[in-house]
Amino acid sequence: MMSRLKRMIQGFPTHHLLIIIFFVLEGNNEFFPDVPLASSGKLFGFFLLIATISYFICNALFKDIQRAAVASLLFTYILLYARTMYHYYALPWGNGTRISNTHFFLVLGLVTVLCIIAIRKSSLPALQKFNRFLTILFMTLVLYTSVAMIYKSFRPEKHLYVTLNEPQLNQPIPRAKPNIYLLVFDEYQGNDGLDYFFGNSFAGPDSILQKKGFHIIKHPASNYNYTFYSIPSLLNMSYLNFSDGKLDYDLLRVVKSVRTMGVESPMFKYLKQQQYHIVNYSFFDVAGIAPQRSLAVPHDGYSAIFSRTLPGWLQEDLLHFIPSNNIQSIVPTYFYQLHQYNEAVITGLAETIQHKTLHPSFIYAHLLLPHPPMITDEKGNLKNISAAMYEVNRQLPSLKSSYAESLSYANMVLEKMITDIQTSDPASVIVFASDHGLRVYPDQQSFVFNNQCAVYIPGNQYEGFYDNVSLVNVMRLVLNNALGLTIPLTPDSTRLAK
């Protein structure tokens with residue numbers, strides 16, 4: 001038994017290591033330089049473990065090292081490139097035709113079975129040559145990708161990057177340093193869209209905000225129609241200028257955009273200079289502060305690469321059809337993570353509000369409420385995740401009432417947050433905003449930039465605020481009024497990313 005195990009370990013195919021190294025390097029090359037070394041190591045270790053398990057299983061089934069090596073490489077390749085294969089498989093159909101997941105996996109399963117039959121029937125000398133060929137192939141790919149990354153490191157102008165229209169923040173010492181709370185409620189439709197969508201049957205947050213003394217922006221606008229562009233624009237007080245001049249919506253641009261909120265973010269650099277403590281209750285890495293709870297939605301280098309693999313695809317999308325929430329919690333699927341994330345943000349913010357600090361704080365809390373699919377009812381109870389997903393995907397009639405329920409819960413959460421802040425920290429500044437309007441309805445697209453925005457500054461300091469202010473100017477106006485700065489405004493505009 002021990003001698004057999006020793007032979008299996010000694011015979012562990014080199015191309016298994018090389019394909020995983022190539023996969024990680026390829027991702028690093030695409031998202032260069034936005035994949036930390038620790039993330040690369042995490043990806044490599046995870047898939048090496050899976051490839052090793054696959055190899056030992058195949059060895060037990062085939063009872064031959066050469067056959068096991070080819071078969072387990074096949075399974076490893078599927079694990080690494082399933083989603084990529086799906087996109088290339090769907091591409092020739094064109095015309096917006098969506099190939100179903102079932103269709104794809106049936107074809108993939110059939111091809112896999114045929115490959116296994118071919119492996120069983122092939123001669124050992126032929127398989128041995130094929131294994132050598134695979135080793136040489138992936139060694140060549142690893143070397144090529146390594147050279148490409150080295151070339152990129154010396155020619156930064158050759159890869160995509162983002163520049164910001166940085167506001168002048170060489171400002172005098174603030175006259176006051178109040179705590180600043182930024183409360184973002186994802187995809188909360190603005191009042192203009194709510195009037196169109198619900199008429200008088202649903203009240204937005206205005207009654208709550210008026211009661212709490214907020215200055216309500218009547219017709220605010222988000223500058224972008226996606227969270228991953230809108231929030232960086234809000235927090236950087238700047239538009240996003242991609243080096244190629246395009247505003248497509250793809251993973252590479254998402255990663256580049258999100259990275260602008262890091263340690264080099266103009267606003268956070270200034271706040272840190274003024275001894276502000278940054279508190280991050282979002283799923284982004286903000287000001288160099290990692291998220292307290294991550295989400296399986298691609299937005300950084302690691303999650304963008306992982307989302308292309310079969311395990312990433314399962315977690316982010318494929319397993320949401322499972323009708324049991326308990327099973328989804330074991331994985332856990334993205335939507336179950338989303339529920340846990342919202343609960344963690346609410347709990348964490350409540351604790352922070354009660355915690356007194358020596359230095360002023362900037363607290364950013366980002367709730368994925370009332371963001372579709374609506375997985376909670378009006379009281380915040382978790383609904384059946386699978387049913388909520390199908391409700392959105394199939395545009396069921398219940399979608400409208402479910403969104404209204406989610407809005408009601410969002411209002412309840414918002415009111416409690418504001419009440420707690422104003423009770424515990426009455427001198428604080430509070431900014432309430434949504435990142436964009438509702439995107440789920442095709443006939444709602446004209447309101448996709450219509451968002452929510454309201455500000456509370458003690459002493460009613462709202463000089464310069466106007467009815468149609470966009471998010472790129474919100475924090476400029478807040479800092480001007482709350483800290484006594486003189487940051488100039490930038491022209492408002494909306495930019496549609498497709």
Side-chain angles (χ1 to χ4, degrees), residues 164 166-185 212-215 231-238 258-294 341 344-367 414 416-433 454-463 471 473-487:
L164 303 172
E166 296 188 20
Q168 294 299 315
L169 283 173
N170 52 343
Q171 304 283 330
I173 298 174
R175 65 189 178 202
K177 295 182 182 180
N179 291 335
I180 302 172
Y181 290 83
L182 172 61
L183 310 178
V184 173
F185 282 63
K212 299 296 183 181
F214 274 69
H215 176 76
I231 294 300
S233 178
L234 166 68
L235 291 177
N236 289 311
M237 303 181 288
S238 171
V258 169
R259 287 281 287 184
T260 63
M261 298 186 290
V263 292
E264 295 301 316
S265 170
M267 187 181 76
F268 290 122
K269 283 175 68 176
Y270 178 77
L271 290 175
K272 284 186 174 182
Q273 289 169 5
Q274 301 305 323
Q275 305 301 310
Y276 265 83
H277 175 58
I278 311 298
V279 182
N280 179 22
Y281 288 114
S282 77
F283 56 94
F284 299 116
D285 186 314
V286 172
I289 302 168
Q292 297 189 14
R293 185 179 287 269
S294 59
Y341 166 83
V345 171
I346 294 169
T347 303
L349 182 62
E351 293 173 354
T352 296
I353 292 169
Q354 300 302 322
H355 181 65
K356 305 298 182 182
T357 60
L358 295 175
H359 294 287
S361 297
F362 180 94
I363 301 98
Y364 168 38
H366 190 130
L367 279 158
L414 176 64
K416 186 176 188 312
M417 284 181 172
I418 294 172
T419 300
D420 290 348
I421 293 169
Q422 292 184 335
T423 301
S424 178
D425 189 8
S428 65
V429 172
I430 308 172
V431 181
F432 161 65
V455 179
Y456 175 78
I457 302 176
N460 295 320
Q461 299 290 323
Y462 302 115
E463 183 180 348
L471 290 182
N473 281 315
V474 167
M475 292 311 301
R476 295 175 183 235
L477 289 166
V478 168
L479 297 182
N480 286 350
N481 283 274
L483 275 61
L485 307 186
T486 56
I487 307 171

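Judged purely by atom type and a 3.5 angstrom limit, Asn179 has no side-chain atom pairing as donor or acceptor with the backbone of Ser428. Checking side-chain atoms of Lys177 against main-chain N and O of Gln275 turns up no donor-acceptor pair under 3.5 Å.
Two residues are said to be in side-chain contact when any heavy atoms from C-beta on lie closer than 4.5 Å; Val345 and Arg293 fail this criterion. Annotation: side chain of Met417 is in contact with side chain of Ile346 (closest heavy-atom distance under 4.5 Å). Annotation: side chain of Ile180 is in contact with side chain of Leu479 (closest heavy-atom distance under 4.5 Å).
Legend: residues meeting side-chain contact (heavy atoms from CB on, under 4.5 Å) with Gln461, ordered by chain and number and at least two apart, are Arg175, Ile457, Asn481. Every residue two or more places apart in sequence or in another chain was checked for a side-chain contact (heavy atoms from CB on, under 4.5 Å) with Ser294, and none qualifies. Applying the side-chain contact (heavy atoms from CB on, under 4.5 Å) criterion to Thr347, with sequence neighbours excluded, gives Glu351. When the salt bridge (Lys or Arg N to Asp or Glu O under 4.0 Å) test is applied to Lys416, the partners found at least two apart in sequence or on another chain are Asp420. Under the side chain to side chain donor-acceptor pair (under 3.5 Å) criterion, Asn280 pairs with Ser282, not counting sequence neighbours. Judged as a ring pair (Phe, Tyr, Trp, His ring centres under 6.0 Å), and not counting sequence neighbours, Tyr181 has no contacts. A search for side chain to side chain donor-acceptor pair (under 3.5 Å) contacts involving Ser265 returns Asn236, not counting sequence neighbours. Evaluation of the salt bridge (Lys or Arg N to Asp or Glu O under 4.0 Å) rule for Arg259 yields Asp34 as partners, not counting sequence neighbours. With sequence neighbours excluded, no residue satisfies ring pair (Phe, Tyr, Trp, His ring centres under 6.0 Å) with Tyr281. Applying the salt bridge (Lys or Arg N to Asp or Glu O under 4.0 Å) test to Lys269 and every residue at least two apart in sequence or in another chain returns Glu264. Ser233 pairs by the side chain to side chain donor-acceptor pair (under 3.5 Å) definition with nothing, not counting sequence neighbours. A search for side-chain contact (heavy atoms from CB on, under 4.5 Å) contacts involving Pro178 returns Ala176, Tyr276, Val429, Ala482, Leu483, not counting sequence neighbours.
One distance of note links CD1 of Ile231 with CE of Met261; it measures 7.5 Å at 0.5 Å rounding. Atoms NE2 and NE2, from His277 and His359 in turn, are 9.5 Å apart once rounded to the nearest 0.5 Å. For the atom pair CZ (Phe185) and NE2 (His366), the distance works out to 10.0 Å, reported to the nearest 0.5 Å. The CE atom of Met267 sits 5.0 Å away from the CG atom of Leu235 when rounded to the nearest 0.5 Å. Atom CZ of Arg476 sits about 12.0 Å away from atom OG1 of Thr486, to the nearest 0.5 Å. In this structure, Thr423 OG1 and Ile418 CD1 are separated by 11.0 Å, a value rounded to the nearest 0.5 Å.
The aromatic rings of His215 and Tyr462 lie parallel to each other, their planes meeting at an angle below 30°, with 60° marking the opposite boundary.
A side-chain contact (heavy atoms from CB on, under 4.5 Å) with Ile363 is found for exactly one of Leu349, Ile430, Leu182, Ile278, namely Leu349.
A pairwise comparison of heavy atoms in Ala433 and Leu471 identifies CB-CD2, 4.1 Å as the closest pair. Gln274 and Pro360 get closest at one heavy-atom pair: O-CG, 4.4 Å. In this structure, Ser424 and Lys356 approach most closely via the heavy-atom pair O-NZ, 2.6 Å.
Ring pair Phe214/Phe432: centre-to-centre distance not below 6.0 Å.
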Exercise. Where do Lys212 and Thr419 land on the side chain to side chain contact (heavy atoms under 4.5 Å, CB included) test, with the steps shown first?
Worked result: CA-CA 8 Å; Lys212 299 296 183 181; Thr419 300; 2.7 Å; yes

